[in-house]
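What follows is one structure encoded as structure tokens, with my remarks underneath.
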Amino acid sequence: MTPDDPAPADGGSHDHGSAPEDLEGGAEERASIRAQRLAKVARLRAEGVDPYPYRFDRDRTIGELREAYGHLEAGEETDDVVRVAGRLMLKREQGKLTFAQLRDRSGEVQLFVSAKVLGPDPEAFAGFNELDRGDWVGVEGTVMVTKKGELSVKVTSFELLSKDLRPLPDKWKGLADVDARYRQRYVDLTVNPDARRVFEVRFAAVDAIRQELRRRGYLEVETPILNLQQGGATARPFVTHYNALDIDTYLRIALELPLKRLMVGGFERVFEIGRVFRNEGIDTRHNPEFTMLEAYEAFGDYTEMIELTEALVAAAAVAANGTTVVELRGQTVDLAPPWRRVTMVELIEEVVGVHVDPGMPTAEARAVLDRLGLAWQEGWGAGRCTHEVYDELVEPKVMQPTVVLDHPRETSPLAKPHRRDPNLVERFEVIVDGRELANAYSELNDPVEQLARFREEAAHKAAGDPEAGDVDYDYIRALEYGMPPAGGLGIGIDRLIMVLAGVESIREVILFPTLRPEVGLGDGDFPER
RNA sequence: GCCCCUGUGGCCAAGUGGCAAGGCAGCGGACUUUUAAUCCGACGAUCGUGGGUUCGAUCCCCACCGGGGGCACCA
């Protein structure tokens, strides 16, 4: 239970009432599966069996069982007693012998349930057959292998651990309705192996990233999600109200500014993997809440971040898939370092065949956009125009991992000016499969310069731009104390997982993606106690 | 916001302007080595919701709701 939850409404009473519905004779045939199972639960209680017992002491996982007994030959039987637990995924009744598949988080094993073995009480065997596909069950039995070579537990006793009142989807086809898959992810995960695989990829990848960062001496930190100001990126924020202080707060849109305050404080190497929130549209690449990694390293610049990005992505790929090679939409992509490095201006020339750069006169840059059929807006300088060409015509076409260096200063308010070209900043993005996967800077640490850029943004906000941020005076004050030179990196974890899992929609990699409220599900759909 | 596609028992899924296939699951029966077990039998559907056209609509039209995709917006 969530610690802050109020006391449970039922006051902890376990005094269960009568059966939900008396199902006599033929009525049971016509009753819904759920009603039948509710009746079953009531019957068990009447017999003194708790259908929701408190615990079951298994002595190993099914994976461990397979590990230990995988070598047995077909037909071999042992006297080794084991206790395993899991969800009943299949049941094959065959007269006085029943086979079932039991699954836990580590794998599946067959249950060999014989009337003779389960005795002496003849009710016991009938009781096993009363179990339904989907029930959570604990069993004790001996390890054996059937004639056909299937590792099995010959069950000597069993216990219902939790009743499944709703029938699982088709045992072969699983759950196909995407709406149901996202809304009822618990069912999706239960019956669709692909769904489980995607999240295994996710957990392995994120874990590998953490390990690699820790190995490099990075400290994992947690910073506020409720912010008094909007900053760290350009995006429309969610606004909520904090009653105790009677102020509006913003859900964070980035992790950047608090982490850089920690650089001022001397942490030198920090990272955070956390949820950020952007009040924008939903599509195959955007979910309003998504997971971001940001990492900052003192005394380095963006060149360190290239190597770090390569290492993190490669480690994540190997941990998730055992290889750096992934298949994406029929194409093979190799994430093994080193990746290609190229400047934005060079890459535009290569892919589009035109020259445009942030140093050229604005009119000239706009003329390039005109020739390419791209729209520009008043107020766009050559830098913004260059970025537009890159976004529209270059990024979608780059498949293999590519480090795109040296972005226009105009579109990068938190990056440090380029040491050799005042029109640029020291920033790179990594593109894989036509998508931005990572973004890194030599971090701007000049408080005077930073304040000027904040003020520009605040002016935009005052002019009605909901994505422009506020002047964060405390952040400026922090910079005035001195932030060491640093490289910083951001990786969109969800998009990385999409690449590693080879899926095309961000919803496939988020356990509970944001959806409209479900209609029609209400109190009337659930039984009285 | 706009456009296209889509919604059929718990799940999967056909279908047509004229009584809504089939499979899985569930229910009853047979079966002690099955592997999506098999065989036999009976049951289960206001075809997303509301209007309209029609003698008659699951099907055609309109609106709304949910979902998917694209565009736009947006990093």
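Chain identifiers are assigned alphabetically (A, B, ...) following the order of the sequence lines, protein sequences preceding nucleic acid strands; residue numbering begins at 1 within each chain.
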Taking the minimum atom-to-atom distance to the side chain of A:D132, which one of B:rU35, B:rC27, B:rU33 wins?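 Among the listed nucleotides, the one closest to the side chain of A:D132 is B:rC27.
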What's the closest nucleotide to the A:Q94 side chain, out of B:rU35, B:rG69, B:rC31?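 When the side chain of A:Q94 is considered, B:rC31 is the closest of B:rU35, B:rG69, B:rC31.
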Are the charged groups of [X] and [Y] less than 4.0 angstrom apart, N to O?
X: A:E47; Y: A:R43; answer: no
X: A:D132; Y: A:K91; answer: no
X: A:R181; Y: A:E508; answer: yes

With sugar-phosphate meaning primed atoms plus P, OP1 and OP2, does [X] contact a base, only sugar-phosphate, or nothing at under 4.0 Å between heavy atoms?
X: A:N439; result: nothing
X: A:K147; result: base
X: A:L90; result: sugar-phosphate
X: A:Y182; result: sugar-phosphate
X: A:R516; result: sugar-phosphate
X: A:E467; result: sugar-phosphate
X: A:T234; result: sugar-phosphate
X: A:G174; result: sugar-phosphate
X: A:R507; result: sugar-phosphate
X: A:R183; result: sugar-phosphate
X: A:T98; result: nothing
X: A:E280; result: sugar-phosphate

Determine whether the aromatic ring centres of A:F158 and A:F128 lie less than 6.0 Å apart.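 They qualify: ring centres under 6.0 Å apart.
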Are the aromatic rings of A:F112 and A:F99 close, with centres under 6.0 Å apart?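 Here the rings of A:F99 and A:F112 have centres that are less than 6.0 Å from each other.
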Write down the distance between CZ (A:R133) and P (B:rU35), rounded to a whole number of angstrom.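 A:R133 atom CZ is separated from B:rU35 atom P by 17 Å.
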Using the [atom1] atom on both, measure [N] against [M] and round to a whole Å.
N: B:rA45; M: B:rG69; atom1: C1'; answer: 29 Å
N: B:rU58; M: B:rU49; atom1: C1'; answer: 14 Å
N: B:rC59; M: B:rC47; atom1: P; answer: 9 Å

Base B:rG7 to side chain A:D179, donor-acceptor N/O within 3.5 Å cut-off: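 When only heavy-atom distances are counted, A:D179 does not reach the base of B:rG7 through any donor-acceptor pair under 3.5 Å.
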Would B:rC47 be called syn or anti here, given the cut-off of 90° from 0?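 This nucleotide is in anti.
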